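Report on the following structure.
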Amino acid sequence: MRKPFIAGNWKMNMTHLEAVNFMQDLEYKYKNKNNCEVAVCPPATALKSVKTIIDSDNLEVKLGAQNMYYESRGAFTGEISPEMLKALGVEYVIIGHSERRQYFGETNKGVSRKVNAAFNTDLKPIMCIGESLKIRESGKAEEFVMDQLKECLVGIDEEDIVDLTIAYEPIWAIGTGRTATSEDANDMCLAIRRKIEEIYNKKISEIIRIQYGGSVKPFNISELMNMSDIDGALVGGASLEVDDFIAIINYQDSSDT
Ligand code: PGA
């Protein structure tokens, strides 16, 4: 059984002071009836403050970063190394988000270097893949995503891959209010799982967690989470509102009813 995993990607929102307020409110209202794994991924400037609150309140929430560089140290002005994240108590790191690819020129090759560097530092990557609207409309979405997957996984061995989370995020669904239908999202997650089986083996394909991301909201989370191959969600906008984020964590599991 794969443990459901819901992660909030705050993107470039919240100063560390706002993050502290958010976390205090989250702690006060926190409820996790599905016992899923929960992570928040604040901007780098708020990681330390968020970690302090998680630790002092014993909050069952993991800490994730939104990006990192693949080198350990050196003359890379403005970059943050995996070791620096690890030293702050970060457990997860989002890698290859479509906004990084779109605005900062990240490539599959760069993503694979970062995923490798994350594993070398005992960080667990949340690796994002997904197609644009143009590709979806051309009917080549699956082919495109499978190529992305293969290229991003170069150099990742069987031992590490089990700790990888894959986030399938169709770009046209991110921040647009337009979600993929749960069937379409599940079909792609299933195709990803089959590809993992092909590259690695069946056991690994059954362990690995695949999240869906793109306009996940309290009203659509339950349907998505009850699909066979969607194991969690990477949530952007709705993770910035404590009540919405809590509602998402507490989605309706159909096996409960
Ligand atoms: P969204 O963002 O939920 O605001 O669409 C998701 C993401 O980019 O990870």
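Only heavy atoms go into these numbers, but all of them, side chains included; no hydrogens, no water, no symmetry mates. Order of appearance sets the numbers: ligands from 1, and atoms from 1 within every ligand. Here the structure is a predicted model, which means the values were calculated and not measured. Throughout, numbering of the chain's residues begins at 1 and tracks the sequence.
- Within 6.0 Å of CZ on Arg113 lie no more than 12 heavy atoms contributed by other residues, nucleotides or ligands.
- Using a 4.0 Å cutoff on heavy atoms, Gly214 counts as a contact of ligand 1.
- Listed by number with element, the atoms of ligand 1 under 4.0 angstrom from any heavy atom of Asn9 are 9 (O).
- The distance criterion of under 3.5 Å between nitrogen or oxygen atoms is not met by Lys217 with respect to ligand 1.
- Summarising the geometry of Gly130 relative to Phe144, their closest heavy-atom pair is O-CE2, 3.5 Å, with the distance given to 0.1 Å.
- Atom 3 (O) of ligand 1 has its closest protein heavy atom at Gly236 N, 2.9 Å.
- Of the protein's heavy atoms, Glu169 OE2, 2.7 Å lies nearest to atom 9 (O) of ligand 1.
- Note on ring orientation: taking the six-membered ring where Trp is involved, the planes of Phe76 and Tyr69 are tilted (angle from 30° to 60°).
- Heavy-atom proximity to Gly237, at under 4.0 Å, picks out these atoms of ligand 1: 1 (P), 3 (O), 4 (O).
- With respect to Asp243, the salt bridge (Lys or Arg N to Asp or Glu O under 4.0 Å) criterion is satisfied by exactly one of Lys29, Lys217, Lys31: Lys29.
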Could you list the donor-acceptor pairs under 3.5 angstrom formed between side-chain atoms of residues 85-98 and any protein atom two or more places apart in sequence or on another chain?
unit_1 : atom_1 : unit_2 : atom_2 : d
Lys86  : NZ     : Asp122 : O      : 3.0
Glu91  : OE2    : Lys124 : NZ     : 2.7
Tyr92  : OH     : Glu37  : OE2    : 2.5
Tyr92  : OH     : Arg209 : NH2    : 3.3
His97  : ND1    : Glu99  : N      : 2.9
His97  : NE2    : Glu169 : OE1    : 3.2

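- For ligand 1, the polar-atom distance check against Ala238 finds no nitrogen or oxygen pair separated by under 3.5 Å.
- Where the criterion is an N or O separation shorter than 3.5 Å, residue side chain and backbone included, Thr176 fails it with respect to ligand 1.
- Of all the heavy atoms of Ala173, the ones lying under 4.0 Å from any atom of ligand 1 belong exclusively to the backbone.
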Table please: side-chain donor-acceptor pairs of residues 173-184 below 3.5 Å, with sequence neighbours left out.
unit_1 : atom_1 : unit_2 : atom_2 : d
Thr176 : OG1    : Trp172 : O      : 2.9
Thr176 : OG1    : Ala173 : O      : 3.4
Thr176 : OG1    : Arg178 : N      : 3.1
Thr179 : OG1    : Asn220 : ND2    : 3.2
Thr181 : OG1    : Asp184 : N      : 3.0
Thr181 : OG1    : Asp184 : OD2    : 3.4
Ser182 : OG     : Glu223 : OE2    : 2.5

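- Atoms of ligand 1 found under 4.0 Å from any heavy atom of Ser215 (numbered from 1 in listed order, with element): 1 (P), 3 (O), 5 (O).
- Checking only distances, Val235 never comes within under 3.5 Å of ligand 1, N or O to N or O.
- Residue-level proximity to ligand 1 for Ile174 is carried by backbone and side chain together, each with a heavy atom below 4.0 angstrom.
- At least one heavy atom of Gly175 sits under 4.0 Å from some atom of ligand 1.
- Residue-ligand proximity: His97 is placed with a non-hydrogen atom under 4.0 Å from ligand 1.
- Proximity of Asp231 to Pro4: side-chain heavy atoms (C-beta onward) are nowhere separated by under 4.5 Å.
- At a cut-off of 3.5 Å, with distance as the only test, a side-chain donor of Asn186 or Ser228 sits close to an acceptor on the other residue.
- Residues Ile129 and Met227 share a single hydrophobic cluster, defined by chaining ILVMFWY side chains whose heavy atoms lie under 4.5 Å apart.
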